[in-house]
Amino acid sequence: MSEERSLNFIEEIIEDDIRSGKNDGRVLTRFPPEPNGYLHIGHAKSICLNFGLAQKYNGKTNLRFDDTNPATEDTEYVDSIRQDIHWLGFEWDKELYSSDYFDQMYAFAQMLIGKGLAYVDDSTAEEIAAAKGTPTEPGTPTPNRSRSAEENLQLFQEMKEGKYPDGAKVLRAKIDLASPNMHMRDPLMYRIRHAHHHRTGNDWCIYPMYDFAHGQSDSIEKITHSVCTLEFIPHRPLYEWFIEQLEIFPSKQYEFARLNLNYTVMSKRKLLQLVNENHVTGWDDPRMPTISGLRRRGFTPLSIRNFCERIGVAKRENIIEYSLLEFCLREDLNKSAWRRMAVLDPIKLIITNYPEGKSEILNGENNPEAEDGDGSREIPFSAELWIEREDFMEEAPKKFFRLGPGLSVRLKNAYIVKCHDFRKDENGNVTEVHCTYIPESKSGSDTSGVSVKGTIHWVSVGHAKTAEIRLYDRLFQVEDPSSEEGDFKNYINPQSLKIIPNVFIEPDLTHAIPGKGYQFIRKGYFTLDTDSTPEKLVFNRTATLKDAWAKEVKKN
RNA sequence: UGCCCGAUAGUAUAAAGGUAGUACAACUGUUUUUGGUGCAGUUUGUCUAGGUUCGAAUCCUGGUCGGGCAACCA
C-alpha cells in the first residue's frame, strides 16, 4: 500500500515527539481556512498534509473556520469549503469556528490586561504605524501605553459594549517596541468592527486579530501540531508568547512552503478578481486552479491526492510544473476512464463494398487497461462513417500510419479498410474518403492475416449523436504571472477556452455519467460539464493524451 | 540598510560525516487494434570561497543569490 518514502521534516518532528512521549503520543492537527473564498489546489496541499499526518499517526484533524473578520466572510464559502474537503476524500473530527471562542478569547484578553501585558490604545491606525518604527529603528510608545490595568479593563469593556465607533480604540499586547521582529512591537489584539458576523450576528462589535485568535484556538482545541505556511514564521514568537503568558496548552507551530503551480495564480485575492471581472465564468470555471474548478474540469480526488504526495513538503519556495499534475491525472484516468469514440473535426468515410443501408452492432470494451475490460458497450457500424479530418492525407509522408490513397488502417473495434479514392470540394478541402473493407478482419475474429500500423477512431454517420465540447488551455501565457511587470491580468491567455459546438459522438455517450471520466480514444480525457442537459450534452476536455506524433510533426 | 527563512539536474524532492538517489520533464529503443498505456534505457545536479575531517551536499566562517517581515487581513 504505502510505498517506501523518506519522511518529510514535519513527519520527522512528529515521530520525534511520539518517541519522546510528548502529548502522550497524541497527534491532533487542524485545517484552518478563512471562509472568504473558495479552496484551491494550494489548499489541497495543506489539506492532504494535515489530514494525512493525522491518518498516518493515528490522530485526528479538526476543520476550523478562522472567521475573525466579519467584513469578508460568508456562509457561501463555508459550504463550498466543506464540500471540497469531502470530495477530496477527507473526514474531519470536529467542525469548529474561531468565533466559537469569542467569549474565551475576551476572557484571555482581560487576563493579559490584568497582568499589565495589554493596553487600550486610542491612537489612529496611522499613528500606531508611525510609532512602530522601521525594521532598522525602534518604535516609540504611544501616549496610552502606561494606562493602569483598571483603566484598561474599563475601556476594553466599553469597547465591547459598543461605546466607541470603528477604529476609535484597539487593544494591544505590551511586549517590546524595540524588538527586531516587527510582530513583537505591541501587536494589535482586538479592533472595533460594528459588523454583522455570519455566525455570531450582532453579538460582538470587537473582533480579535489573527495573532490573538489562531494560537488561542489551537490551544483551546489542544492541537498538537499547528501546521501553516512560511509567511507565518515571524509570527511564531508571538504565537508562543501569548500561550506562555496565558499559561494555556502549548500547541506548536510548524511552517512549510506553500504550493505554487506554473501558468496560474494562487492567491485568493487574484482568483477573486478573475471571477469578479468576468475573466472566467466563476470560482468553478474549469480553467481555475480551485478545487471546484478542477472537479468540474474532470480531475479526480485521487489524482490530486497523489499529486500532493509527489510534490513533497519542505521549506524552500517552489513552483511546480503543471505537467506533474497532468501526469497524476492521466495515471489515474488511464486506469479508470471508459473508452468512447468522438470525432471532433469530421470528414466522411464511405466503405464502397459494405452493403448500402446495412448496419451491425460491434462490441467495444470499456477499458483495455482493466482485467476484464471493465465491461463493454455496443457500437453501431455502417457503410458511412465520420472520421477525423487529420487522419487522412492526400500526400502522406512515410511515417504517416493513417489514411491516404492506397493506405490501410484498422477502424477501432471494427474492420481494416483500405483507401482507394477521395473527393474534394471547390475549395480543395477533402470531403469524402472512399475505402474498401476486409470482411474477415473484424475485431476479435480477425482471420484476414493482414496487419496494419495504424488504428483510427470513427462514429457511424447514421447513428451519431452530437455534443458541445469545450477545450481548455492554460489560463496564463507566462509561467509566473505574479512576477511579471504590471497587472497579472495582462498575461491571461486569450485562447484558454475553445468551444466546438457540434461534435459527433457514439450513441452510448448519451448515457454518460456525471462526474465520471471518459477517454475519447486518441483525443483525450473528457467529462460531462455541469451545463450539460439531456437535450444538449456538454463535455469538458480534462486533458489531452500525450501525443508523440505531434512532436514528430513539430520536429520536421 | 535591522531581523528571519532558504539554496541539490529543466521542475520538485531524498541522502542525519562514508557510492549524490527518486519522480516529473526531455531524449532512445521496445510492445501495442489508442502515435495512448506498459517495459527498458540515456542525458542533466550539490550557489561560492575558505576551514574542520582519512572523508563534507551534510559541520564551521565569510560572501552571493532568492524569499519574507513595518495591514485595525489571514
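By convention in this document, chain letters (A, B, ...) are assigned in the order of the sequence lines, proteins followed by strands, and residues within each chain are numbered from 1.
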d([atom1], [X]; [atom2], [N]) in whole Å:
| X | N | atom1 | atom2 | answer |
| --- | --- | --- | --- | --- |
| A:Tyr263 | B:C24 | OH | P | 20 Å |
| A:Lys335 | B:U37 | NZ | P | 12 Å |
| A:Gln519 | B:U34 | CD | P | 10 Å |
| A:Lys45 | B:A12 | NZ | P | 11 Å |
| A:Phe520 | B:U34 | CZ | P | 19 Å |
| A:Met393 | B:G35 | CE | P | 16 Å |
| A:Phe401 | B:U34 | CZ | C1' | 14 Å |
| A:Ile438 | B:U33 | CD1 | P | 15 Å |

Worksheet entry | Contact residues, residues 542-551 of chain A to RNA chain B [heavy atom, < 4.0 Å] |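 Here the set is A:Leu545, A:Lys546, A:Asp547, A:Ala548, A:Trp549, A:Lys551.
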
Fill in: Atom CZ of A:Arg377 with >12 non-hydrogen neighbours under 6.0 angstrom
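Yes, because the 6.0 Å sphere around CZ of A:Arg377 holds more than 12 heavy atoms from other groups.
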
Quick one: do [X] and [Y] make a salt bridge, cutoff under 4.0 Å?
| X | Y | value |
| --- | --- | --- |
| A:Glu221 | A:Arg30 | no |
| A:Asp122 | A:Arg147 | yes |
| A:Asp121 | A:Lys169 | no |
| A:Glu390 | A:Lys523 | yes |

Pick out the pairs of N or O atoms, protein on one side and nucleotides 39-44 of chain B on the other, that lie under 3.5 Å.
none

Please give the distance between the [atom1] atoms of [N] and [M] as a whole number of Å.
| N | M | atom1 | result |
| --- | --- | --- | --- |
| B:U44 | B:U22 | C1' | 15 Å |
| B:U46 | B:U13 | C1' | 14 Å |
| B:G51 | B:A56 | C1' | 11 Å |
| B:U30 | B:G36 | C1' | 15 Å |
| B:A16 | B:C73 | P | 46 Å |
| B:U53 | B:U61 | C1' | 16 Å |
| B:G6 | B:C59 | P | 11 Å |
| B:A71 | B:G63 | C1' | 35 Å |

Item to complete: Could you point out which residue of A:Thr544, A:Asn334, A:Asp332 forms a side chain to side chain contact (heavy atoms under 4.5 Å, CB included) with A:Tyr525?
Response: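 Exactly one candidate clears the test, A:Asn334.
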
Under the rule for ring pair (Phe, Tyr, Trp, His ring centres under 6.0 Å), what residues qualify as partners of [X], not counting sequence neighbours?
| X | result |
| --- | --- |
| A:Phe539 | A:Phe520 |
| A:Phe242 | A:Phe212 |
| A:His197 | A:Phe102, A:Tyr207 |

Worksheet item: How about A:Val265 and A:Leu271: do any of their side-chain heavy atoms sit closer than 4.5 Å?
Response: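 Touching, per the 4.5 Å side-chain cut-off.
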
Please list each protein N or O that sits under 3.5 Å from an N or O in nucleotides 29-32 of chain B, with the distance.
none

Report which part of the nucleic acid [X] touches: base, sugar-phosphate, or nothing (heavy-atom distance under 4.0 Å, all strands).
| X | result |
| --- | --- |
| A:Arg330 | nothing |
| A:Arg185 | nothing |
| A:Tyr415 | nothing |
| A:Glu137 | nothing |
| A:Val452 | nothing |
| A:Gly444 | base |
| A:Ile416 | nothing |

Please find out if less than 6.0 Å separates the ring center of [X] from that of [Y].
| X | Y | answer |
| --- | --- | --- |
| A:His214 | A:Tyr210 | yes |
| A:Trp458 | A:Phe381 | yes |
| A:Phe307 | A:Phe327 | no |

Measuring from the side chain of [X] (C-beta onward, heavy atoms only), which nucleotide among [options] has the closest atom?
| X | options | value |
| --- | --- | --- |
| A:Asn318 | B:G6, B:A16, B:A12 | B:A12 |
| A:Glu321 | B:C24, B:U34, B:G2 | B:C24 |
| A:Ile320 | B:U33, B:A12, B:U13 | B:A12 |

Worksheet item: Residues two or more places apart in sequence or in another chain: which of them pass side-chain contact (heavy atoms from CB on, under 4.5 Å) with A:Pro237?
Response: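 Partners of A:Pro237 under the side-chain contact (heavy atoms from CB on, under 4.5 Å) test: A:Asn181, A:Met184.
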
Practice prompt. Could you list the residues that satisfy side-chain contact (heavy atoms from CB on, under 4.5 Å) with A:Glu255, not counting sequence neighbours?
Written response: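 In terms of side-chain contact (heavy atoms from CB on, under 4.5 Å), with neighbours along the sequence ignored, A:Glu255 is linked to A:Cys228, A:Leu230, A:Ile233, A:Arg236, A:Gln253, A:Lys315.
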
Got a list of side-chain donor-acceptor pairs under 3.5 Å for residues 408-418 of chain A, not counting sequence neighbours?
from, atom 1, to, atom 2, distance (Å)
A:Arg410, NH1, A:Ala414, O, 2.7
A:Arg410, NH1, A:Ser441, O, 2.5
A:Arg410, NH2, A:Ser441, O, 3.4
A:Arg410, NH2, A:Asp446, OD2, 2.8
A:Tyr415, OH, A:Glu360, OE1, 3.1
A:Tyr415, OH, A:Glu360, OE2, 2.7

Discussion item. Can you build the contact string for nucleotides 67-74 of chain B? Use B for base contact, S for sugar-phosphate-only contact, and - for no protein heavy atom under 4.0 Å.
Written reply: S-SBSBSB

Fill in: Base-pair map of RNA chain B as dot-bracket, where | denotes pairing with a different strand and pairs are Watson-Crick or G-U under 3.5 Å
.((((((..((((....[..)))).(((((.......)))))....(((((..]....))))))))))).....

Distances under 3.5 Å between nitrogen or oxygen atoms of protein and nucleotides 21-23 of chain B:
from, atom 1, to, atom 2, distance (Å)
B:A23, O2', A:Arg310, NH1, 3.1

Practice prompt. Can you label the angle between the A:Phe156 ring and the A:Tyr106 ring as parallel, tilted or perpendicular, going by 30° and 60°?
Written response: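 Aromatic pair A:Phe156/A:Tyr106 classed parallel.
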
Discussion item. Check the orientation of A:Phe504 and A:Trp386. Use parallel for under 30°, tilted for 30 to 60°, and perpendicular for over 60°.
Written reply: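 The rings of A:Phe504 and A:Trp386 lie parallel, inter-plane angle below 30°.
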
Discussion item. For A:Phe488, does the six-membered ring have the charged nitrogen or CZ of A:Lys270 within the cation-pi criterion, i.e. under 6.0 angstrom from the centroid and within 45° of the normal?
Written reply: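 Judged by the rule, A:Lys270 and A:Phe488 form a cation-pi pair.
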
Fill in: A:Arg474 NZ/CZ over A:Tyr263 ring centroid, <6.0 Å and within 45° of normal
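Relative to the ring axis of A:Tyr263, which defines the angle, A:Arg474 lies inside both limits.
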
Worksheet entry | Side-chain-base donor-acceptor pair under 3.5 Å for A:Glu369 and B:G36 |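 Answer is yes: a donor-acceptor pair is held.
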
